[in-house]
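Below is one structure, written out as structure tokens, with a few remarks after it.
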Amino acid sequence: MTVYFIGAGPGDPELITVKGQRLIGNCPVIIYAGSLVPEAVLEGHRAVQVINSAELHLEQIIALMKSAHERGQDVARVHSGDPSLYGAIGEQIRHLRELGIAFEIIPGVTATAACAALLGAELTLPDISQSVILTRYADKTSMPAGEALGELAQHTATMAIHLGVKNLGKIVAELMPHYGTDCPIAVVHRASWPDQDWVVGTLADIEAKVQDKGFRRTALILVGRVLGNEVFSESSLYHAGHAHVFRP
């Protein structure tokens, strides 16, 4: 028996891996994060038990997994995006290890990747940014030492900020001294869902644009000069003068 932590992707039911889809179709028990995972992801399943974990606390979820283990039934534990990023799987895994229950993580498409695709952007451009910082805004959960938004902003790398749209004003204030008022920023609401929406601006005007849209939650913030920048060097990978093992 195995518990499979499956990344369902950002919302579009087709943005799930073939392996993840196969496991959802075959596992007799499905526990899915119903507040973030569309039911369409579960279409075609043959499970005898399907549970929405949005209504449960951690101990109840572990109890369901333990019960399935005792019956010898595999569990599809379905999370949104990629479960290794803000998926709260670490605490579940800790319990499973204590109980001696096998588990496997199936990666998924991240919200950051879905937002970049929607914006038609490459997040790592030569001369502009070669790093992407995935982080969140410290609201109810504090950040570890050295990971405050203002400290990360000193790198001026491309940044994806989760769970922060309701604190956009504070975020802009922390970013502006490092990125500059003219730095591009995008706020994407429910990327890849049927009601997806987004707005692009600069650190100087993004607050007003987001207020007009009415975004309050389920939005990701992307900031960096890779957004809309057409002035950058071409990569060496496809440069005619660059030789490598596949192109002498």
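In this chain, numbering begins with 1 at the start of the sequence shown.
- Leu149 places a side-chain heavy atom less than 4.5 Å from the side chain of Met159.
- At least one donor-acceptor pair closer than 3.5 Å links the side chain of Gln60 to the backbone N or O of His57.
- No side-chain donor-acceptor contact under 3.5 Å links Thr158 to the backbone of Ser129.
- Here the closest non-hydrogen pair linking Val165 and Val210 is CG2-CG1, 4.1 Å.
- Heavy atoms from other residues, nucleotides or ligands lying under 6.0 Å from CZ of Arg71 number more than 12.
- The line from CG of Leu222 to CG of Leu119 is 6.5 Å long, rounded to the nearest 0.5 Å.
- A salt bridge does not link Arg225 to Asp127: none of the charged side-chain nitrogens sits closer than 4.0 Å to a carboxylate oxygen.
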>> Gln49 vs Leu64, test: side chain to side chain contact (heavy atoms under 4.5 Å, CB included). Steps then yes/no.
In response: CA-CA 10 Å; Gln49 189 178 21; Leu64 288 168; 4.0 Å; yes
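- Judged by distance alone, with hydrogens and angles left aside, the side-chain atoms of Thr112 form no donor-acceptor pair with the main-chain N or O of Ala160 at under 3.5 Å.
- Side chain of Trp198 to main chain of Ala219: no donor-acceptor pair is present (N/O by atom type, distance under 3.5 Å, no hydrogens or angles).
- Annotation: side chain of Thr17 is not in contact with side chain of Pro107 (no heavy-atom distance under 4.5 Å).
- No chain of hydrophobic side-chain contacts below 4.5 Å, direct or via other Ile, Leu, Val, Met, Phe, Trp or Tyr residues, connects Leu227 to Ile206.
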> Going through the distances and angles, do Glu151 and Met143 end up as a side chain to side chain contact (heavy atoms under 4.5 Å, CB included)?
Replying inline: CA-CA 11 Å; Glu151 294 174 285; Met143 297 295 283; over 6 Å; no
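- Under the side-chain contact (heavy atoms from CB on, under 4.5 Å) test applied with Phe5, the options Leu96, Val78, Ile106, Asp82 reduce to a single match, Leu96.
- Once rounded to the nearest 0.5 Å, the distance linking CG of Leu203 with CD1 of Ile185 reads 5.0 Å.
- Residues Leu163 and Tyr137 are members of separate hydrophobic clusters, defined by side-chain heavy-atom contacts under 4.5 angstrom among Ile, Leu, Val, Met, Phe, Trp and Tyr.
- No donor-acceptor pair closer than 3.5 Å links the side chain of His69 to the backbone N or O of Ile101.
- No more than 12 heavy atoms of other residues, nucleotides or ligands sit less than 6.0 Å from atom CD of Glu14.
- Asp197 places none of its side-chain heavy atoms less than 4.5 Å from the side chain of Arg190.
- By the 6.0 Å contact criterion, CD on Gln130 is enclosed, its count of non-hydrogen atoms from other residues, nucleotides or ligands being greater than 12.
- Atom CD1 of Ile24 sits about 13.0 Å away from atom NZ of Lys19, to the nearest 0.5 Å.
- Without hydrogens or angle criteria, Glu147 side chain to Pro144 main chain gives no donor-acceptor distance under 3.5 Å.
- Put simply, the side chain of His155 never gets that close to the backbone of Ala157: no donor and acceptor are under 3.5 Å apart.
- Using a distance-only test at 3.5 Å, with no hydrogens or angles considered, a donor-acceptor pair links the side chain of Gln196 to the main chain of Ser192.
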> side chain to side chain contact (heavy atoms under 4.5 Å, CB included) between Arg77 and Met65: does it pass, once the steps are laid out?
Replying inline: CA-CA 9 Å; Arg77 177 64 173 115; Met65 294 176 175; 3.7 Å; yes
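- Side-chain N or O atoms of Asn167 include none that pairs as donor or acceptor with a backbone N or O of Gly164 at under 3.5 Å.
- No path of Ile, Leu, Val, Met, Phe, Trp and Tyr side chains, each step under 4.5 Å between heavy atoms, connects Ile61 with Ile30, placing them in separate hydrophobic clusters.
- Here CD of Glu91 is found 5.0 Å from CG of Leu58. Values are rounded to the nearest 0.5 Å.
- The distance from atom CG of Leu85 to atom OG1 of Thr135, rounded to the nearest 0.5 Å, is 11.0 Å.
- Counting heavy atoms from C-beta outward, Pro28 and Asp74 have side chains that approach closer than 4.5 Å.
- The CG atom of Leu220 sits 11.0 Å away from atom OG1 of Thr218, with the distance rounded to the nearest 0.5 Å.
- In the hydrophobic clustering of ILVMFWY residues, with side-chain heavy atoms under 4.5 Å counting as a link, Leu36 and Tyr4 come out apart.
- Remark: the backbone N or O of Arg217 is not paired with any side-chain donor or acceptor of Lys166 at under 3.5 angstrom.
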> Does the side chain to side chain contact (heavy atoms under 4.5 Å, CB included) test come out yes or no for Val132 and Thr124, once each step is laid out?
Replying inline: CA-CA 7 Å; Val132 180; Thr124 52; 3.8 Å; yes
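- His189 and Phe215 have parallel rings, their planes meeting at less than 30° on a 0 to 90° scale where 60° marks the start of perpendicular.
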